[in-house]
Amino acid sequence: MSSLEQMYQQVIMDHAREAHGRGLKDLDLIQVGESHQVNTTCGDEIRLRVGLDGDTVASVTWEGQGCSISQASVSVLHELVEGESLEESERTMEAFRDLMQAKGEGLDEDREDLLGDATAFVGVGKYPARIKCAMLGWAAFKDALIQARKDQ
Amino acid sequence: MSSLEQMYQQVIMDHAREAHGRGLKDLDLIQVGESHQVNTTCGDEIRLRVGLDGDTVASVTWEGQGCSISQASVSVLHELVEGESLEESERTMEAFRDLMQAKGEGLDEDREDLLGDATAFVGVGKYPARIKCAMLGWAAFKDALIQARKDQ
Amino acid sequence: MLLPDLREDFPLLNRTVRNGKPLVYLDSGATAQKPRVVLDAERDFYEQHNAAVQRGAHLLAEEATELFEGARTDVASFVGAGPDEIVWAENATAALNLVASGIGNASAGIGGEDSAQFRIGPGDEICVTQTEHHANLVPWQALATRTGATLRWIPVDSEGRIILDDLDSLVNDRTRVLAFTHASNVTGIISPVTALVARAKAVGALTVLDGCQSVPHLPVDVKALDIDFMAMSAHKMLGPTGIGALYGRKDLLDALPPSIFGGGAVKIVSMEETSWLEAPMRFEAGSQPVAQAVGMGAAARYLSALGMDRVEEHEREIAAIMRAGVAEIPGVRLLGPVGDADARDVIGVAAVVVDGVHPHDVGQVLDDAGVAVRVGHHCNQPLHRHFGVTGSTRASAHVYTTAEDAHAFVEALAGVPAFFGVNR
Amino acid sequence: MLLPDLREDFPLLNRTVRNGKPLVYLDSGATAQKPRVVLDAERDFYEQHNAAVQRGAHLLAEEATELFEGARTDVASFVGAGPDEIVWAENATAALNLVASGIGNASAGIGGEDSAQFRIGPGDEICVTQTEHHANLVPWQALATRTGATLRWIPVDSEGRIILDDLDSLVNDRTRVLAFTHASNVTGIISPVTALVARAKAVGALTVLDGCQSVPHLPVDVKALDIDFMAMSAHKMLGPTGIGALYGRKDLLDALPPSIFGGGAVKIVSMEETSWLEAPMRFEAGSQPVAQAVGMGAAARYLSALGMDRVEEHEREIAAIMRAGVAEIPGVRLLGPVGDADARDVIGVAAVVVDGVHPHDVGQVLDDAGVAVRVGHHCNQPLHRHFGVTGSTRASAHVYTTAEDAHAFVEALAGVPAFFGVNR
Ligand SMILES: Cc1ncc(COP(=O)(O)O)c(C=O)c1O
Ligand SMILES: Cc1ncc(COP(=O)(O)O)c(C=O)c1O
């Protein structure tokens with residue numbers, strides 16, 4: 001498998017083609033946070049909304065345009081964290097960041113388990129310019145969480 | 001004679017030590033011009049006043065501080081042009097500029113005759129940074145002449 | 001006629017990239033590669049003549065000053081200007097800002113009566129076009145904010161051409177500055193300079209030309225164009241990074257106040273006040289980019305030796321190959337004029353949009369084939385928005401671009417839709 | 001203890017000058033010579049990795065970005081800053097202007113509420129000192145003109161030391177900025193940073209340090225000094241021409257509006273308005289001085305490898321030789337502190353005045369002996385005026401300066417009065 005094919009694995013292509021969580025959901029929750037992030041390389045923008053229900057990440061929806069990597073990544077993010085506990089989400093975020101930094105090498109089994117489908121992004125780590133793309137939704141999620149907690 | 005000695009010839013040293021024309025003279029003439037020039041390399045300043053009497057450069061006086069080259073040069077300028085006709089002064093100015101551009105070579109006999117003592121500045125032409133020093137008074141003279149003629 | 005293959009002059013072009021593939025460098029619109037003569041000129045400066053210029057009295061300082069001012073003369077004659085009409089700046093962006101900030105400073109009282117001609121304020125207008133690079137848009141937005149003047153712009157049509165229909169109302173008696181690009185960095189279209197300058201002159205507006213994409217690629221003569229200011233970038237014309245230049249008409253430069261203040265630009269400084277030197281020195285505060293100037297001078301000489309007429313012709317032929325090739329790929333759209341007739345007034349740029357594939361993804365596939373292109377908005381968001389996209393994939397040529405490079409781009413691009421499973 | 005002789009690392013130092021004499025380069029205060037590692041780093045960048053940074057998705061662009069940002073990290077750690085607290089600028093002058101113009105722009109409404117903390121106007125004060133280089137004086141004069149604020153300055157004593165007696169009234173509740181040099185480029189005196197910073201903090205004024213003459217010569221840690229901004233120049237620290245850097249506290253940099261506007265510095269641009277990126281990108285509009293950054297990074301690494309403590313000690317010993325030698329020449333006056341006790345807080349600079357001989361003439365005689373020094377006011381007219389002279393002759397050392405160089409300077413200087421027939 002070439003590096004290029006490793007980056008654009010089938011899972012990623014599928015998520016990119018049919019992204020999950022797209023469309024900002026109106027939330028009837030007290031703790032809601034939103035974040036707008038821009039990838040300055042290409043002008044791609046994402047707006048992501050998080051709703052917390054106690055310790056649970058009850059809702060993660062988003063809107064925006066982007067490359068297949070950024071779209072697939074936010075789609076996977078939605079799948080991974082919606083419905084999970086805050087704590088688990090934080091761990092997942094951390095694992096994903098580690099994966100991006102791993103220069104194309106995998107992570108240990110525990111963290112890969114945590115990431116599930118998201119381990120397919122391992123190939124992105126070989127392309128520093130694309131890490132930004134993969135991180136766009138995650139950066140928005142991190143920031144939205146902070147906003148949501150502020151509303152406590 | 002080294003290049004340095006060629007630049008600092010005795011005539012120049014003498015003029016530098018005892019500069020002529022120093023001290024701005026109050027002039028009872030109709031056509032008077034003044035110019036202030038700064039050598040930005042070292043901050044030296046000169047103020048030079050010219051009085052015209054018909055076609056004659058009746059008075060050339062100046063005040064200011066500077067290196068031996070600039071002081072000697074304006075002193076020689078005073079000697080050369082005060083009392084001369086405007087036309088002769090212009091020719092002298094031109095010859096002096098040519099000498100500065102001559103990279104240390106002399107000029108033809110006619111122009112050297114015109115320059116008299118000022119031919120001693122021939123060595124300055126080898127030091128581009130010092131040409132500015134030698135030209136300071138002459139630039140002021142040129143500008144003051146323009147001013148004086150404006151007052152016609 | 002194409003230029004001979006110049007690859008031997010450009011060390012970097014001989015390296016390989018991903019998967020050991022030879023490099024096909026088509027990102028010259030972003031930055032050009034450097035010929036050995038430019039690198040040698042810089043290195044020789046550092047190894048033999050490096051010193052502070054214009055102020056030293058020692059031998060090295062004299063030599064350095066001579067090389068530095070010689071480079072200014074080289075760059076000046078490259079664009080038909082006088083040497084003291086050339087101001088070094090960090091890049092073209094800085095050169096454009098120098099004009100905008102100078103006007104802003106004049107309006108704030110800096111420069112006193114000498115600079116009064118540049119003062120603008122509420123009621124005055126600044127005009128740009130819809131095809132400007134951010135570098136020739138944002139400084140004018142900021143100037144408008146600072147002074148209370150109004151920013152207007154001339155729109156472009158669906159192919160990206162400046163629309164002249166409403167020129168007389170857009171550039172009017174209130175217009176003080178008309179700033180526009182000579183050639184678009186997205187569509188490659190060469191602007192109707194003559195018409196724009198004529199209108200600006202008629203209303204007494206200053207003209208500011210962004211020469212970033214013209215000076216490296218075609219013969220440019222500032223006097224023939226009759227413009228007041230022009231910005232250019234060394235790194236796009238085979239010169240070093242870290243330097244650009246502003247051309248300005250001498251009388252204007254001598255009156256415009258500086259916007260970077262410091263040593264070397266001033267005549268007399270007391271604790272209370274300062275008087276400026278004449279141009280170009282008044283704009284070159286601080287230690288100058290000396291080695292870079294020497295490199296830019298060498299680049300101008302290299303281009304002159306090739307002949308800018310031939311350069312223009314070469315790049316036009318390369319553009320034609322790319323444009324014709326792109327036109328044959330289903331699902332790929334060219335931004336800018338389409339079709340043969342238009343190729344006459346377009347520089348060697350082809351920005352494309354692949355239906356259903358994001359530019360970043362397009363670029364990645366090209367990169368994998370060794371083809372280096374630019375993806376994104378190329379610092380020109382408004383024009384992309386006008387075309388209904390956020391970004392594009394841009395191939396751009398230079399003197400060293402070969403017909404093979406152009407074909408390689410087309411071939412790699414043709415494989416993109418299939419790779420992403422679109423357009424089947 | 002002196003450093004080992006480093007001449008082999010510096011190609012230029014091995015050339016000869018007038019009359020075939022070996023070069024004695026004592027003009028490092030103006031600009032330093034470059035070690036081969038710096039030149040090689042730049043050349044390698046151009047020959048192997050040159051590309052536009054931060055925007056490209058191709059391999060070269062990735063490599064170039066990595067080198068560029070790596071250099072930022074190197075320079076940051078050299079002065080104890082975080083990488084995103086380092087902004088590249090054309091030189092130190094540009095870095096200082098970036099702060100002054102940013103404040104001016106904030107005061108003119110640019111940056112909106114985010115930048116409101118920087119707004120100044122009539123009634124506010126900006127304070128500098130009497131020992132500033134023009135680069136750290138004229139921008140503040142211009143800012144005062146632009147905003148209506150008042151410029152004040154802290155005087156120096158007869159040796160050129162900053163007088164702290166009236167500090168509390170000079171830096172007061174109205175003071176918004178205190179800008180001062182870390183080390184004087186004329187007297188070599190190191191400023192009382194601690195006292196000045198403490199007072200500025202007490203009144204809530206921003207502190208701006210001119211690090212041009214300290215960063216290349218002694219260990220500098222911006223966090224230990226607790227300053228808000230610091231300017232530095234690559235070319236004085238063995239790096240390339242055409243680049244310098246500004247250190248700024250991250251929270252301040254993120255709020256200060258830019259003063260050079262263009263691509264790469266902006267987030268979203270429409271024809272009407274623009275939002276800025278965070279620091280440092282918001283201040284780096286246009287194509288960056290990439291090769292120069294790489295060179296500056298290499299210079300920082302070279303100096304770090306020598307060890308800045310040892311560099312400081314080395315130059316102090318060189319200074320002691322020069323100062324002791326000068327003191328023995330009749331008719332020669334040293335500007336700045338005289339005598340042994342003071343040598344402790346002075347960098348490797350000796351500016352002298354020869355009675356009855358103009359600095360230009362002094363410099364010429366030295367030049368003839370192969371000794372390259374700086375003559376004139378060294379972009380510091382107010383201090384020279386304070387000393388009652390228009391200019392001086394300055395010898396300045398760096399890591400490569402040898403004891404022999406220092407002796408050669410003293411010897412050549414000793415011959416000056418006789419050459420001009422004074423002091424007999
Ligand atoms: C103390 C001081 N400040 C500022 C500067 C200006 O630095 P640059 O010329 O790199 O802008 C210099 C050197 O010229 C200096 O010595
Ligand atoms: C049309 C145009 N204008 C301005 C610029 C900015 O030039 P620089 O990056 O050298 O400041 C560019 C290139 O980036 C450009 O293509």
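Chain letters run A, B, ... following the sequence lines, proteins first, then strands; residues in each count from 1.
- Interface residue D:Leu59: backbone and side-chain heavy atoms are both found under 4.5 Å from chain C.
- Checked against salt bridge (Lys or Arg N to Asp or Glu O under 4.0 Å), C:Arg15 has the following partners two or more places apart in sequence or in another chain: D:Glu63.
- Proximity to chain C (any heavy atom under 4.5 Å) is shown, for D:Asp361, by neither the backbone nor the side chain.
- For C:Asn91, the part sitting under 4.5 Å from any heavy atom of chain D is the side chain, from C-beta outward, and nothing else.
- For a residue to count as touching a neighbouring chain, one of its non-hydrogen atoms must lie under 4.5 Å from one of that chain's; by this rule D:Pro240 touches chain C with backbone and side chain alike.
- For a residue to count as touching a neighbouring chain, one of its non-hydrogen atoms must lie under 4.5 Å from one of that chain's; by this rule C:Glu284 does not touch chain D.
- Residues that satisfy the ring pair (Phe, Tyr, Trp, His ring centres under 6.0 Å) test with C:His133, not counting sequence neighbours, are absent from this structure.
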Would you tabulate the side-chain donor-acceptor contacts of residues 95-102 of chain D under 3.5 Å, counting partners in other chains and residues two or more places apart, or write 'none'?
residue  : atom : partner  : partner atom : Å
D:Asn97  : OD1  : C:Phe261 : N            : 2.8
D:Asn97  : ND2  : C:Phe261 : O            : 2.8
D:Asn97  : ND2  : D:Thr93  : O            : 2.7
D:Ser101 : OG   : D:Asn97  : O            : 3.0

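- Proximity to chain D is absent for every atom of C:Ala92, based on heavy atoms less than 4.5 angstrom apart.
- With a 4.5 Å cut-off on non-hydrogen atoms, D:Val38 does not touch chain C at all.
- Contacts between residues 24-31 of chain C and chain D, defined by a heavy-atom separation under 4.5 Å, are made by C:Tyr25, C:Asp27, C:Ala30, C:Thr31.
- For C:Ala61, no part lies under 4.5 angstrom from a heavy atom of chain D.
- For a residue to count as touching a neighbouring chain, one of its non-hydrogen atoms must lie under 4.5 Å from one of that chain's; by this rule D:Gln364 touches chain C with the side chain only.
- No side-chain N or O of D:Gln288 forms a donor-acceptor pair with one of C:Thr241 less than 3.5 Å apart.
- Of the atoms belonging to D:Thr150, not a single heavy atom falls under 4.5 Å from chain C.
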